[in-house]
Amino acid sequence: MAINNFLLFSLTFQLLLLLRGSSESSRITGDVSRTPKKFLELAKSQDLFDWMVRIRRKIHENPKLGFEEYETSKLIRSELDLMGVKYRYPVAITGVVGYIGTGEPPFVALRADMDALPMQEDVEWAHKSKVPGKMHACGHDGHVAMLLGAAKMLQEHRQDLQGTVVLIFQPAEEVFAGAKKMIEEGALKHVEAIFGIHLTNRVPFGKTASLAGSLLAGSGFFEAVVTGKGGHAAIPQHTIDPVIAASSVVLSLQHLVSRETDPLDSKVVTVSMVHGGNAFNVIPDSITLGGTLRAFTGFSQLQQRVKEVITKQATVHRCNAPVNLTPHGKEQVPPLVNDMDLYKQFKNMVGDLLGEESFVEASPVMGGEDFSYFAEAIPGHFSFLGMQDETKSYASTHSSLYRVNEDALPYGAAMHASMAVQYLQGH
């Protein structure tokens, strides 16, 4: 009888342990599975929203160019310290890489760029840029604020993470150099996938846009100095006129798209800079011209043809024209290609977070983004978060009138956090 009672007690105790473990497991799993709605609620809370707005405005007032973002980086590190988030610094001079979670696989990365543009802000408001000739005109201040917002939520729920979230605060996106340098310095160590979000005025507020496959074009630059022999404009026969040679170069470059490119394959060659001469009656010794080229396929071939056209057209007119394909250190970037599986996961997450109607199928864009280096190294996904409001007008990026719709910040923070958690849960 005693033995039977003991067996009954033992079985009952084991059953209770199993039920408790099942309940605990259900709590964690349930908590993770409803993360999209939960994170959006948290991100929209007044305290967190106001905090993200303050962060964004501090960065906006003090814009820094590529690899000069020391103050921005200091602010990021200060906030991570307050959260208790561990990080590596410096990475790529001013970059910061943070870590939240178990410290064990799987590893998923979230990226925000943090550099500004060399342009004067023309928006008159209380938090206008305090640095003459520098401005956040591409939303990077908002990107940092959204990723910090996601970090705050993820850190508060770190016990629910089934792996490690890597926070990448990247310098120098505008000069196409930061991502490549961060990869070289180990920012993607152990990382299996990476996600990035960019604010845009081309998508309505509350919606997000993405595309599987090629989303952004490969982008590069060129600069050439066409050198001849200057002289009096009234006796051109005694000169070797670089103006005529440069004019021929500009016209001939247009044929690379109109005559040598499949009409169904988008490419762009634009000459956007021509400098030379300072008198009406003097033929200058040289003309400097430069521009950009964009392509989804055949980028290296297009670069080679640009170089050939410039040098050979100059030769026809008895001039020399060395070509620099990385002027002022501006690196080329490959096309940005979204991974199909990550695209599907992201689309499902947006449906859970905002509803299926809030996802917009994007069209390929000829703009460039050095997130493409990340997505080339490992599976990556890049998306656009809408901030256009029918009652207000938001200028496009790289405009002196550019503004961020701060109401979009909670959506970006929630998307970052939700995507990271759901990726970890699935892997």
Check: [Y] main-chain N/O paired with [X] side-chain donor or acceptor under 3.5 Å:
{"X": "K229", "Y": "D241", "result": "no"}
{"X": "Q155", "Y": "M83", "result": "yes"}
{"X": "D115", "Y": "E174", "result": "yes"}
{"X": "D122", "Y": "S400", "result": "no"}
{"X": "S73", "Y": "T94", "result": "yes"}
{"X": "E121", "Y": "K128", "result": "no"}
{"X": "R88", "Y": "G186", "result": "yes"}
{"X": "S252", "Y": "V249", "result": "no"}
{"X": "S78", "Y": "K74", "result": "no"}
{"X": "T311", "Y": "A321", "result": "no"}

field: Cation-aromatic face contact R77/Y89, 6.0 Å, 45 degrees
entry: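 Yes, R77 lies over the aromatic ring of Y89.
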task: Quick one: do T72 and N62 satisfy side-chain contact (heavy atoms from CB on, under 4.5 Å)? Show the steps, please.
output: CA-CA 8 Å; T72 307; N62 297 281; over 6 Å; no
Heavy-atom side-chain proximity of [X] to [Y] below 4.5 angstrom:
{"X": "I59", "Y": "M114", "answer": "no"}
{"X": "Y402", "Y": "V123", "answer": "no"}
{"X": "S214", "Y": "P364", "answer": "no"}
{"X": "L216", "Y": "S372", "answer": "no"}
{"X": "F67", "Y": "K181", "answer": "yes"}

message: Restricting to salt bridge (Lys or Arg N to Asp or Glu O under 4.0 Å), what partner residues turn up for K86, sequence neighbours left out?
response: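 Per chain and number, K86 pairs via salt bridge (Lys or Arg N to Asp or Glu O under 4.0 Å) with no residue.
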Counting only heavy atoms from other residues, nucleotides and ligands, does the tally under 6.0 Å from [atom1] of [X] exceed 12?
{"X": "N278", "atom1": "CG", "value": "no"}
{"X": "K344", "atom1": "NZ", "value": "no"}
{"X": "E361", "atom1": "CD", "value": "yes"}
{"X": "E357", "atom1": "CD", "value": "yes"}

query: What about the rings of Y411 and F205, do their centers lie closer together than 6.0 Å?
result: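 Yes: the rings meet the under 6.0 Å criterion.
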query: Quick one: do E406 and R57 make a salt bridge, cutoff under 4.0 Å?
result: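 Yes, this pair counts.
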query: Hey, are K134 and E71 close enough for a salt bridge, meaning a charged N less than 4.0 Å from a carboxylate O?
result: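 Salt bridge between K134 and E71, a charged N being under 4.0 Å from a carboxylate O: no.
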task: Starting at CG of L325, measure out to CD of Q304 and round the result to the nearest 0.5 Å.
output: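 Reported value, rounded in 0.5 Å steps: 8.5 Å.
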field: From CZ (F39) to CE (M153), nearest 0.5 Å
entry: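 It is 6.0 Å, given to the nearest 0.5 Å.
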message: Looking only at side-chain N and O atoms, does Q170 offer a donor or acceptor that is under 3.5 Å from a partner on D370?
response: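 Yes - a donor-acceptor pair under 3.5 Å links their side chains.
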- prompt: Is there a donor-acceptor contact under 3.5 Å linking the side chains of D389 and T391?
  reply: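 There is such a pair between these side chains.
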Matching residue for H127 among R54, H60, R56, E61 - test: side chain to side chain donor-acceptor pair (under 3.5 Å):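 Among R54, H60, R56, E61, the one that satisfies the side chain to side chain donor-acceptor pair (under 3.5 Å) with H127 is E61.
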- request: Run the numbers on C138 and L117 for side-chain contact (heavy atoms from CB on, under 4.5 Å), then give the verdict.
  value: CA-CA 8 Å; C138 201; L117 286 159; 4.3 Å; yes
field: Evaluation steps, side-chain contact (heavy atoms from CB on, under 4.5 Å), between F169 and E69
entry: CA-CA 11 Å; F169 295 93; E69 311 95 330; over 6 Å; no
- prompt: Angle class for the F384/F382 ring planes (parallel below 30°, perpendicular above 60°, tilted otherwise)?
  reply: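 F384 vs F382 ring planes: perpendicular.
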task: I would like to know whether V309 and R305 meet side-chain contact (heavy atoms from CB on, under 4.5 Å); could you show each step before the answer?
output: CA-CA 6 Å; V309 167; R305 287 294 291 135; 4.0 Å; yes
